[in-house]
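Okay, so here's the structure we're looking at.
Convention: sequence-line order gives letters A, B, ...; per-chain numbering from 1.
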Amino acid sequence: MGWLWTFTNSSIGKKFVMAVTGLLVILFLLIHLAGNLTLYWGEGAFNGYVSVLDIFKPIIRIIEVILTLIFIFHIYDGIRLWYENKKAKSIRYKINASSENSTFSSRWMIWTGGIIFIFLVMHLSTFWYAFNFSGKTEVDGIEQYYNIVTTWFQSPVYAVSYIIAMIFLGFHLNHAFQSFFQTFGWNHKKYTPFIKKFGTFFAIVMAVGFASIPIYFFISSLGGK
Amino acid sequence: MIKLDSKVPEGILAEKWTNHKFEMKLVNPANKRKYDIIIVGTGLAGASAAAALGELGYKVKVFTFHDSSRRAHSIAAQGGINAAKNYTNDADSVFRLFYDTIKGGDFRSREANTYRLAEVSNNIIDQCVAQGVPFAREYGGMLSNRSFGGAQVSRTFYARGETGQQLLLGAYSSLNRQVKLGNVEIFPRREMLDVVLVNGRAQGIIIRNLVNGKLERYSAHAVLLATGGYSNVYFLSTNAMNSNATASWRAHKRGAAFANPCYTQIHPTCLPVHGEGQSKLVLMSESLRNDGRIWVPKKAGDTRPPNEIPEDERDYFLERKYPAFGNLVPRDVASRNAKYVCDEGRGVGGGRAVYLDLSDAFKRIGKDGVKDKYGNLFEIYENITGVDPYENPMLIYPAPHYTMGGLWVDYHLMSNIHGLFVLGEANFSDHGANRLGASAMMQGLADGYFVIPYTIGNYISTEKPEKVDTDGSEFIDAEKNVDDTIKKLLSLNGKHTVDEIHRRLGHILIDKVGMSRNEKGLNEAIKEIRELRSEFWTDTKLVGKAEDLNLTLERAGRVADFLELGELMAVDALNRNESCGGHFREEYETPEGEALRNDEEYAYVAAWEFEEVGKWQLNKEPLKFENVKLSARSYK
Amino acid sequence: MSNENLSLTLHIWRQESSKSVGSFEEFKVSVSPDASILEMLDEINNGLEKEGKIPIAFESDCREGICGTCGLVVNGHPHGPLPKTATCQLHMRNFKNGDTIYIEPMRAKPFPVIKDLIIDRSAFDKIQQAGAFISFNTGSAPDANVILISKETADASLDAAECIGCGACVAACKNASAMLFVGAKVSQFSLLPQGQPERYKRVQEMVAVMDEAGFGSCTNTYACEAECPKGISVTNIARMNRDFIKAKFISKEVEV
């Protein structure tokens, strides 16, 4: 397996690892968003969805481990690339003209990624912890998942930071989506312009989809529901 | 007196090279690795020679003053490369390519050399395609051809307007392969400043490392110079900024004869000079003359803008003088006539430029049609001049472009110094007094890929040069000679910069040894160049150190050589009492004002032998023509 | 052609040698709008030499935009702000009277400064020596028309082969990645039938040397394509990626 090691440590190999793990994360996000959207169907729908997941707990645990590994590889290679790339360009220009030759999303991946990581920690320590380990998911035999979520989103600080994180997720995805096509070598005159546009559309859908939930519940809470 | 033995083999023209390849002695494949060969220059000739010799197994050391061997000025050649493939079925043949080339050169080249060039032209195309050179193709996948000046057949292969770049990168890729295989070693940022002779044979060179300024010695069994032409003697030319004659000139001063230095080509369609700060001239493809009409105002000193000059006050001088060929006369004729009208004060705005007007083409094929054909040239023009050529006629003026003269070589491409071979534009052979379009790259690659690999083996196996030590007295003396020159240059502390002197030399040469020459002007030029040379050696200012990267010092050494070469160009032009090709003497013209050759007295190669600065001895190699009939060129 | 001269303030990078620390030197100049930026530097140098001062070291050769020798970073743009133009073709009429211009060498760890604005780009040669060629010996080629190549393929190969090796892609990239350059070299050959036999070996060998030289990785910002004087497309990077991934997963060689 020496060749695989050489490959993953080559410049293109590192990109490849970023792209593969990124793509898997995108798939995960799609499923996650679909689940989250059940919140709009009310308490019963959401609680039902989470209970179904609960039935497959062992499988979910395995998937969580895999997801963790994917995240670790994605983050590790991301930081490694950032560090090595910075070293290759140790002296910067007096005048920075990069805004005239490249997009914000493409240049700020490490920082948008970093913010998403901070959010991830926050997110895990709130929802994921609460759902799995807090022991508060049931009160008097009634599932509390929906209530836990809506309660958190009534906090302006939590809701706003969630929304900001999702904006950064949008930027991150905007570059990421078309980027994995390029890294895999799928660049074609006919399709690439569409892929780029679709990537932006996809990033907006994902960011708006996730962010709409705290917005909805926060505004609802103001209505004194 | 040196003995000029052309070593042209006996026999029928078409069989000379084939038979000679058999007659030449070989070096055993296993022995080749025992021989070191030095190549100076990495243009088409140098790179192809290095690759081909590396493939044979010789140990090759290649030197270039560039930071990378890929940057030699061959890269800037635009139009294409000729070959007698006859892919277009228009009755082309090796003999026709040979005939066009020798006629285009006004019958001043060696028949056998020119024929061999035409003969190997086909191999070059095969070679380049195999290397992966992306030549232009037809939809069916076959190679595409276009036509070029001086020929009535389509035999030019091309890759957009970047043929030189693609051919050079092809040779460079083969060279890289040999570097990887360990047969070739490349020494970039090194400038050759002397050739070392041991027992009369070229056995090494002295190099200045351009990064740290240190002098280095290298020895070998043979030395190849592929160092290009000397158009930069004119200061403003289409050559690259660093193109120079130093390697050739230093070899000349060691005894190599310099042949036909007065044969220089001035290309008619270049952008005119815009001001004193200008550093070089840019060529616009000759193809523009297919649709453009060249004119100047009839009245001297007419400063009206072009659109305000009515039709009957314009002088379409080429169409007037040459009704048959009109704007498509050969390069030298077009250039000379542009000079004449400007001398009369009828240049645009009284200056040195003529109009190249495509408004008739706009009417005929529309602006879009013109854009299709010449769009990229129009963009270049607008980028450089800031003037929109769709609204105003272009301004053009001739510029020095190529030098047919160079170090004298025999049929084996060896100079009169044994072991010193000269390839490509640096030698004098093949093109005579004028070079046709798309022939320069052909010659560079022919010399490197298909001539030198055979002739060098013959030299090594017949003359058996020994390996010499770089600690020998010859190397020490040569290095001291170089070092003394550098010290002398750096001690100069006068008023003028090197560039100022070079610019003045250029003015003298373009005025008096340029597109047309006369006895009075040439004598003046010799006097003025001598004065300028002494001014250079007394009143120039140099800055910086010897042992450092010192661009001023590099230029100074080259200009010092140009100041000697410039004089020899005038001396040669004065000696040649005839007009032929790029050399036009005003005293020798037909009643119609055309070039008048004197085949009786001047059908020879003038090979000048260096005696001391400003003093040469003339050696003549008579030219025999057995296969072509000498005729006068007429384009009326 | 000529209008009035422009008055400009220049900040030019000066650095005595690779080992010394550099800094910007300020020059106030008046320059013809018809001059190229390199001709402006020529003029400054002529003045410096006259005063007995060391001129600014910068490189250029063909001054027609094809040799790739020049390559200054002008106001943060390799080859200056004009798209698809090499430094030598950048004319001063593209600037305004009173402008301040910063001129710096291209920056990247594998391109160390030699002096002032001159950098060492020999890493590019090393990458090409690793495999940017087709292995065959002179004289053994078949007739040129035996190999049929569609016009489309030949054009695509030439699009990649037009690269002038100036290093602007590396200079523009925030990661100092050389992938546009290497991608173009790989593509030129991998598109052509002549390049097929060595296609997968070539890409692996060239990428290995590229990595060794210390260039960064591509993060697909495409700044390289935007700044390339020849407009080389990032499609070439994708092709290199594809060839490389394929080579690693499909080729039978365990180590290259």
Is the ring centre of A/F7 less than 6.0 Å from the ring centre of C/F249? yes

Would you mind reporting whether A/N85 and C/S217 have side-chain heavy atoms less than 4.5 Å apart? yes

Could you check whether atom OH of A/Y40 has more than 12 heavy atoms from other residues, nucleotides or ligands sitting under 6.0 Å from it? yes

Please rank A/M109, A/K87, A/M18, A/Q178 by heavy-atom pairs under 4.5 Å with chain C and give me the top one. A/Q178

Does A/Y216, at its OH atom, have more than 12 non-hydrogen atoms belonging to other residues, nucleotides or ligands within less than 6.0 Å? no

Can you tell me if A/F177 has over 12 outside heavy atoms packed within less than 6.0 Å of its CZ? yes

Other residues, nucleotides, ligands: >12 heavy atoms within 6.0 Å of A/F171 CZ: no

Check the side chains of A/S11 and C/D211 for a donor-acceptor pair under 3.5 angstrom, ignoring hydrogens and angles. yes

Can you see which heavy atom on C/Y102 is nearest to which on A/I95, and at what distance? CD1-CD1, 3.5 Å

To the nearest 0.5 Å, what is the distance between CE (C/M106) and OH (A/Y93)? 7.0 Å

Does C/Y222 reach the side chain of A/Q182, with side-chain heavy atoms less than 4.5 Å apart? yes

Flag yes if more than 12 heavy atoms outside A/F56 fall under 6.0 Å of its CZ atom; otherwise flag no. no

Using non-hydrogen atoms only, which part of C/P105 is less than 4.5 Å away from chain A: side chain, backbone, both, or neither? backbone

Taking C/N220 as the fixed residue, which of A/S106, A/S102, A/S179 is the one that meets the side chain to side chain donor-acceptor pair (under 3.5 Å) rule? A/S179

Between C/V74 and chain A, with a heavy-atom cut-off of 4.5 Å, which part of the residue counts as in contact: side chain, backbone, both or neither? neither

Check whether any side-chain heavy atom of C/E104 sits under 4.5 Å from a side-chain heavy atom of A/K94, and report yes or no. yes

At a heavy-atom distance under 4.5 Å, which candidate from C/A247, C/C224, C/A223, C/S233 has the highest pair count against chain A? C/A223

When the 4.5 angstrom heavy-atom criterion is applied to C/A171 and chain A, the contacting part is both

Close side-chain approach of A/I12 to C/M179, heavy-atom, < 4.5 Å: yes

Check whether more than 12 heavy atoms from other residues, nucleotides or ligands sit under 6.0 Å from atom CZ of A/F127, and answer yes or no. yes

Taking atom CZ of A/F184 as the centre, report whether more than 12 heavy atoms of other residues, nucleotides or ligands fall under 6.0 Å from it. yes

So which of C/F24, C/F215, C/W13 has the biggest tally of heavy-atom pairs under 4.5 Å with chain A? C/F24

Nearest 0.5 Å, what's the OG-CE distance between A/S10 and C/M210? 8.0 Å

Could you tell me which non-hydrogen atom of A/K89 sits nearest to which non-hydrogen atom of C/C173, and how far apart they are? NZ-O, 3.1 Å

CD (C/E16) with more than 12 external heavy atoms under 6.0 Å: no

For the interface with chain C, which of A/E84, A/K14, A/E100, A/K86 has the highest count of heavy-atom pairs at distances below 4.5 Å? A/E100

With a 4.5 angstrom heavy-atom cut-off, which part of C/F111 approaches chain A: side chain, backbone, both or neither? neither

Checking A/H188 against chain C: side chain, backbone, both or neither under 4.5 Å from a heavy atom? neither

I need the A/H175 NE2 to C/T221 OG1 distance, nearest 0.5 Å. 7.0 Å

Most chain A-contacting option - heavy-atom pairs closer than 4.5 Å, from C/M240, C/K174, C/K109: C/K174

Is the backbone of A/N101 close enough, under 3.5 Å, to the side chain of C/H77 for a donor and an acceptor to pair up by distance? no

Side chain to side chain, C/F244 and A/K15, heavy atoms closer than 4.5 Å: no

Measure across A/A88 and C/G214 and return the closest heavy-atom pair with its distance rounded to 0.1 Å. CB-O, 3.5 Å

Rounded to the nearest 0.5 Å, how far apart are OG1 of A/T183 and CD1 of C/I245? 7.5 Å

